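Report on the structure given below.
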Protein chains: 2
Amino acid sequence: MKYSKQRELILNSLKENCSHPTVEQLYEFIHKDQPTISLATIYRNLNQLAENGIVKKIEGLDNTAHFDHQTHDHYHFICKHCHQVFDIPYDIAPDLDQKVKNTTGLNVTSYDIAFRGICKNCQNSIN
Amino acid sequence: MKYSKQRELILNSLKENCSHPTVEQLYEFIHKDQPTISLATIYRNLNQLAENGIVKKIEGLDNTAHFDHQTHDHYHFICKHCHQVFDIPYDIAPDLDQKVKNTTGLNVTSYDIAFRGICKNCQNSIN
DNA sequence: CGCCATATTGATAATGATTATTATTATTGT
DNA sequence: ACAATAATAATAATCATTATCAATATGGCG
């Protein structure tokens with residue numbers, strides 16, 4: 001993996017945006033400072049960073065991929081109203097890969113939990 | 001919801017295909033007997049059936065939706081090699097919505113777990 | 001039964017997210 | 001500084017899904 005200032009910028013921007021942004025959101029954010037950056041570059045680099053375990057790609061929350069600069073095990077909650085993503089601690093359901101192995105014999109290499117609901121802010125503002 | 005023979009056919013076909021088919025797979029299957037059926041009809045009806053709780057829509061396994069004629073709580077494992085989907089019993093991680101509520105205060109209305117790995121058949125055949 | 005309101009269909013255009021293509025530019029090792 | 005290779009910007013292409021709409025089917029009611 002050769003250095004590029006675009007990749008560095010993308011990674012730093014993701015670290016600043018702790019809100020699990022989508023590619024489009026990250027593009028909007030970066031585009032303000034770097035108007036020449038291409039959307040394809042964001043896609044390419046985020047996928048590359050995810051493949052190398054430097055960031056985490058979160059799929060299955062809604063119909064678009066979100067990215068997370070935190071790589072430690074944890075789960076996610078997405079608000080069906082504002083689409084904001086919240087972290088859910090790993091220890092509410094630890095070692096599920098091992099439990100699946102024990103009960104079914106299947107070897108789990110990765111897994112994700114997508115929790116859905118209405119977040120506290122939206123719950124208040126909807127009333 | 002008004003009756004239609006297409007919807008009945010789609011639901012019956014899903015019940016016969018216990019393999020968590022995608023829309024495309026179900027279309028191929030039905031198209032053999034009913035060559036005039038439209039792909040849009042399959043999409044429309046599966047979504048409608050899912051909204052009414054008659055079938056279950058599984059998202060987040062890969063980049064396409066799968067459908068399940070079983071509506072009771074359970075999780076899924078998708079093989080990264082053959083893309084077949086397997087059921088994982090609910091009791092390996094029960095009441096996660098309640099646990100999330102207790103630890104974070106968030107109200108979970110639905111959640112899914114996507115387990116990924118290589119299934120036993122593929123594990124053998126790859127060697 | 002026949003009529004009407006309305007739901008559904010089939011065909012296809014449109015959309016949205018993502019990936020592929022390609023000529024050009026940047027990075028790295030020697 | 002040069003050559004090999006990776007990365008970029010711009011954009012076309014792809015894939016899954018949804019929207020549109022004229023034609024057809026369903027179900028209730030007189």
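This structure is a prediction, so every number in the text was calculated from the model and none was measured. Per chain, numbering begins at 1; letters A, B, ... match sequence-line order.
Counting to the nearest Å, the C1' atom of D:dA13 and the OH atom of A:Y43 are 14 Å from each other. Across the protein-nucleic acid pair, B:Y27 atom OH and D:dT17 atom C1' stand 15 Å apart, rounded to whole Å.
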Dot-bracket for DNA chain D, 5' to 3', Watson-Crick and G-U pairs with both distances under 3.5 Å, [ ] for crossing pairs, | for partner on another strand, reads ||||||||||||||||||||||||||||||
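Under the side-chain contact (heavy atoms from CB on, under 4.5 Å) criterion, B:C18 pairs with B:H69, sequence neighbours left out. For A:F29, the ring pair (Phe, Tyr, Trp, His ring centres under 6.0 Å) criterion is met by no residue, not counting sequence neighbours. Looking at residues two or more places apart in sequence or on another chain, you find a ring pair (Phe, Tyr, Trp, His ring centres under 6.0 Å) between A:Y27 and A:H31. Checked against side-chain contact (heavy atoms from CB on, under 4.5 Å), A:L61 has the following partners two or more places apart in sequence or in another chain: A:I58, A:H66, A:H76, A:I78, A:V85, A:A114. Partners of A:K57 by side-chain contact (heavy atoms from CB on, under 4.5 Å), not counting sequence neighbours, listed by chain and number: A:N47, A:A50, A:E59, A:A65, A:F67. Taking B:Y3 as the reference, nothing meets the ring pair (Phe, Tyr, Trp, His ring centres under 6.0 Å) condition, with sequence neighbours excluded. Contacts of A:N102 classified as side-chain contact (heavy atoms from CB on, under 4.5 Å), with partners at least two apart in sequence or in another chain: A:Q98.
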Letter by letter from the 5' end, nucleotides 2-12 of chain D scores (B base, S sugar-phosphate only, - none; protein heavy atoms under 4.0 Å) ---BSSBBBB-
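The distance between the ring centers of B:Y111 and A:F115 falls below 6.0 angstrom.
Between the side chain of B:Y90 and the main chain of B:D95, a donor-acceptor pair closer than 3.5 Å is present. A donor-acceptor pair under 3.5 Å is absent between the side-chain atoms of B:T104 and the main chain of B:K101, judged by distance alone.
Heavy-atom contacts of chain B under 4.0 Å fall on DNA chain C between two terminal nucleotides, which in 5' to 3' order are C:dT6 to C:dT12.
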Indicate every side-chain donor-acceptor pair of residues 35-42 of chain A with a distance under 3.5 Å to a residue at least two apart or in another chain.
from: A:S38; atom 1: OG; to: A:A40; atom 2: N; distance (Å): 3.2

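Annotation for A:K15: atom NZ does not count as buried by contact number, only 12 or fewer foreign heavy atoms lying within 6.0 Å.
Remark: nothing in residues 12-25 of chain B comes within less than 4.0 Å of DNA chain C through any heavy atom.
Across A:D112, A:D73, A:D87, a single residue satisfies salt bridge (charged side-chain N to carboxylate O under 4.0 Å, His left out) together with A:K56, and that is A:D112.
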